[in-house]
Amino acid sequence: MKNNTDTSITGLNRRQFVSGAGGAAAVAAGATTLAVGSAEAAESAVAGGCKTAGCDYDVIVIGGGFSGVTAARDSQKNGLKTLLVEARNRLGGRTFSADFEGSPIELGGTWIHNTQPFVWAEAQRYGAEVFETPGAVADVMQAIMPDGTRSTLTEDQILEVVLGWEAYCEKAREILPRPYELLHNRDAALKAEKISATDHLRSLDLTPLQNTFNEAMIAVIVSNHANEMSYLEVLRFHLLGGGYFPTFMDSTTRFQIVGGSGSLLNSILDDGAPDTRLATPIKAIHDQGDKVVVTTSRGEKIKAGAVISTVPMNTINAIEFQPPLPQGVVEAGREGHPGQGIKLYMKVEGDLGNIASFAADLPFNYAMTYKQGKGYTIVVGFSAGADQLDAYDEEAAQAALQQHLPGAKVLSVMHYDWVNDPYSRGTWATYRTGWVAKYYDQFQKESGRVFFGSGDHGEGWRGTIDSAIGAGSIAARKVSELLS
């Protein structure tokens, strides 16, 4: 069995991987190459260079994921000389297109859908095409029950699953009538966010099959154990997916970008062509009133009229901000959003068919066919985290998959360790129970000339490619209004 995890590419062990920027830069070498724009194009886009007196740039955008690249493009097109700075030696943030045994895969953000307005508009804008992940519409659906019983679902049982999910989300429209305005029905929303996703599940009179599916699906949504997320967060995802089970499922696991997420990110970047620096971690951001001074880890100081930070929630405290960040932002960063799960790709011997399988509390909560090849199948499995599965242990991965697919022979595995990447410290972001009441009014609030555009915050599809693009575009608009 061959392990193609991020660390095996360079021979790093787990401790070396978390030691700092060098590890993160080295493992990124296998990613799809991303264009970085040219200084010549930036200068031609902004006649006369920087418009802000005494500064090197009008705008510095920190973070080269979809949020940062979008903010940099929009700022440049708004006539502002823009610098995009990324700590890693690649762009993409928590999206990462890679090759696995000759097959393209997405190690980070993967699926898009027409219910996701920002990313779908960008895909249309640049002519990106989509293709379907087979397991999103599986020919065979399996369930592994708490007693270990594994069964293929009949049509009646599939309907039972659907009705169980709809029962869980029955009050969604009442509590959250506008999922892009989380507190529109404030009292009801705050009451729902005090309840954990599993506490609400236990309060319902559902069948064992319905309970098993709901808990498994919630664990996938939160990228952790289901009890780590609030009931309100589940309702948000359900309503963003149309408030209808089939559309919700399609929104989360069906359509991928032809050429990978990196191809769309390249299109956005090339369109704006901001100056871009890779492998440049930021040490400090100081708002001096008339300008902002950004200090890199190498001690270089760059001055700008405004800064847009798209740094993930779980790493925001690694940068020194003056004036300091709001206390709620600091505390949330210390606590960390709950995205600590694993997405593991496994190349399996033989054509296993187009399947999807779920379980409430096994190492893989969900596993499905990602690609069917000649003599092999690529399966993608979702785990709640390292306490459930050691993704660096090939035998453990095979044993976990065999609980869903007895006899499956795993030939090789691949994943990316987002939790131990120093520039992410987690997968996608959802909110813990009580976070909206404690922190929500402090998230994403600009301070003077420093603006925030992380996809970990905000309304709508928070934690996805869609939210990153939306957050970046909103931050760029605010900066343009300030500097214009």
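When reading the values below, keep in mind they use all heavy atoms of this one structure, side chains included, and skip hydrogens, waters and symmetry mates.
Salt bridge Glu193/Arg432: absent, no basic N to carboxylate O contact under 4.0 Å. A salt bridge does not link Glu331 to Lys438: none of the charged side-chain nitrogens sits closer than 4.0 Å to a carboxylate oxygen. Salt bridge absent: Lys81 and Asp56 never bring a charged side-chain N and a carboxylate O closer than 4.0 Å.
Under a cutoff of 6.0 Å and an axis angle of 45°, Lys343 and Phe382 do not form a cation-pi pair.
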| request: Determine, stepwise, if the pair Thr52 / Asp58 fulfils side-chain hydrogen bond (donor to acceptor under 3.5 Å, both in side chains). | output: CA-CA 6 Å; Thr52 308; Asp58 294 304; 2.6 Å; yes
| request: I would like to know whether Lys283 and Glu320 meet salt bridge (charged side-chain N to carboxylate O under 4.0 Å, His left out); could you show each step before the answer? | output: CA-CA 6 Å; Lys283 179 180 179 181; Glu320 175 192 334; over 6 Å; no
| said: Please determine whether side chain to side chain contact (heavy atoms under 4.5 Å, CB included) holds for the pair Leu411 and Val348, giving the CA-CA distance in whole Å, both sets of side-chain angles, and the decisive distance to 0.1 Å. | reply: CA-CA 6 Å; Leu411 304 175; Val348 183; over 6 Å; no
| task | Run the numbers on Phe66 and Phe118 for ring-ring contact (aromatic ring centres under 6.0 Å, His included), then give the verdict. | result | CA-CA 11 Å; Phe66 268 96; Phe118 297 107; over 10 Å; no
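Between the side chain of Ser484 and the main chain of Glu481, no donor-acceptor pair closer than 3.5 Å is present. Counting only distance, with no hydrogens or angles, the side chain of Glu233 and the backbone of Ser230 share no donor-acceptor pair below 3.5 Å. Gln76 places a side-chain N or O within donor-acceptor distance of the main-chain N or O of Thr82, the cut-off being under 3.5 Å.
Atom CD1 of Ile257 and atom CD of Glu122 lie 10.5 Å apart (nearest 0.5 Å). Interatomic distance, CG of Asp466 versus CH2 of Trp111, reported as 16.0 Å (0.5 Å rounding).
The closest side-chain donor-acceptor pair between Tyr416 and Glu106, if any, does not fall under 3.5 angstrom.
Within 6.0 Å of atom OH in Tyr126, more than 12 heavy atoms from other residues, nucleotides or ligands are found, so the atom counts as buried in its surroundings.
Of all heavy-atom pairs between Ala471 and Gly453, the closest is CB-O, 3.4 Å.
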